[in-house]
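Working notes, beginning with the structure itself.
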There are 2 protein chains.
Amino acid sequence: MALSHAIMTALIEDDMSGYELAKAFDASLGLFWHASHQQIYQELRKLADKGWLNRREVAQRGKPDKILYGLTLAGREALGEWVYRESRVQESKDDLLVKLYNLSAENIGHLRVEIGERREAMMQRLYLYERIRRGHYARPEVLPLRRQGVFLALRMGILAGEQYLAWCDEALDLLAREQEKRGPR
Amino acid sequence: MALSHAIMTALIEDDMSGYELAKAFDASLGLFWHASHQQIYQELRKLADKGWLNRREVAQRGKPDKILYGLTLAGREALGEWVYRESRVQESKDDLLVKLYNLSAENIGHLRVEIGERREAMMQRLYLYERIRRGHYARPEVLPLRRQGVFLALRMGILAGEQYLAWCDEALDLLAREQEKRGPR
DNA sequence: CCTCTTTATGCAAAATGTTGCATACAGCGA
DNA sequence: TCGCTGTATGCAACATTTTGCATAAAGAGG
């Protein structure tokens, strides 16, 4: 429902091609809203048909042509209105938590490994967030208002990541103690 | 992909009907994995066809008949294997964060309200988590191993909720200061 | 020259999830 | 008796997302 609005949001400042959008999604907004390139290409065409985006083909040297999309006035208006409309949270679904409901003496070792991997992955991600924060949001107070909103989203990513790490540590501790108790294998 | 496994997980200790499962999903596992009753009914039939669940009709007094589902041995085995397989995180998608990318002097008031509502909703939820923790997990050390896994999932819910509240407070502060600066309306 | 990677876009099928509706029976309160 | 709520199950249509495949041109490295 709101993939369209996430895409338009990504186009507020710069025009982009589907390919560039897919990469930007991986790096910024996509940290809060994942989308594959197939989804993005499809949605771009729909939005262009609706008149919310304009498209123009751009020839490039040494690379295939690309199609640049940009927000139209109508698109900007639609986006502005959308902010006031009902919003919904799509709760995350995590296999790992369901797996924990199945914890047993047999699989405890495996689950410790999986949690360890999650921890590692989250560390990487926090490192990326931190680079972004230092690079673009070192002094949030002096940023234009819109960028402060982006900063708040980044803060959510950072806080959630730190919380996740704390949980991993707690879980690894508990599981290590339990495995110890029952005799390590 | 793993809705089936979430359902089987919910049936580890007790047999349940689709209706009861839908309610259990709202209260326990569903806090980490949402599913509507339509999805649940469909999945139950598929799982029964696969031989992972058995079904038996139960007549009731004063209520419509129901169909009770229980894990078969094959189901338990499939679940046990699944724990070792690749797992994936489905990142949450939150309109609110995308909206924040569109922060403006015009909509700042609205976004403050929305964040306030999120805060309120999360408080309610934390209250529920806390009741569960006190009721069933006051002393996690003495629980059987499987229940300790469930406890860890609950801890994730609690930590994530507390982090969310902290973020709401931070965001509300920042937005209040900014709105003040630009002249309150 | 051949293969691999990067840039760039797309179709089609399958799986998943949402929305709206339908049915049926019991008990409760007005 | 009428409407409401709760229990209980389901279909059908639609929207969303994932998966697998396909194409094509340029540059890099062996």
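To find a chain, count down the sequence lines: A is the first, B the second, and so on, and within it residues start at 1. Nothing here was measured: the structure is a model prediction, and the numbers come from that model.
- Comparing the helix axis at one end of the helix from C/dC1-D/dG30 to C/dA30-D/dT1 with that at the other, each defined from 5 consecutive pairs, gives an inter-axis angle of 20° (nearest 10°).
- Looking at B/E20 and B/K23, no side-chain N of the basic residue comes within less than 4.0 Å of a carboxylate O on the acidic one, giving no salt bridge.
- Atom NZ in A/K93 sits about 13 Å away from atom C1' in D/dT18, given to the nearest Å.
- Shown for residues 38-57 of chain B: residues whose heavy atoms fall under 4.0 angstrom of DNA chain C, namely B/Q38, B/Q39.
- Note: CG (B/D65) to P (D/dG10) measures 12 Å, nearest angstrom.
- By the 30° and 60° cut-offs, the orientation of the rings of B/Y41 relative to B/H37 is perpendicular.
- If you take NE2 of B/H37 and P of C/dT23, they are 15 Å apart, rounded to a whole angstrom.
- Taking the six-membered ring where the residue is Trp, A/W52 and A/H5 present tilted rings, their angle falling between 30° and 60°.
- Sorted by residue number, the members of residues 11-23 of chain B with any non-hydrogen atom under 4.0 Å from DNA chain D read B/S17, B/G18, B/Y19, B/K23.
- Side-chain N or O atoms of B/N54 include none that pairs as donor or acceptor with a backbone N or O of B/Y69 at under 3.5 Å.
- We find that CZ of A/F25 is positioned 18 Å from P of C/dA8, with the value rounded to whole Å.
- Judged by distance alone, the side chains of A/Y129 and A/Q124 never bring a donor and an acceptor atom under 3.5 Å apart.
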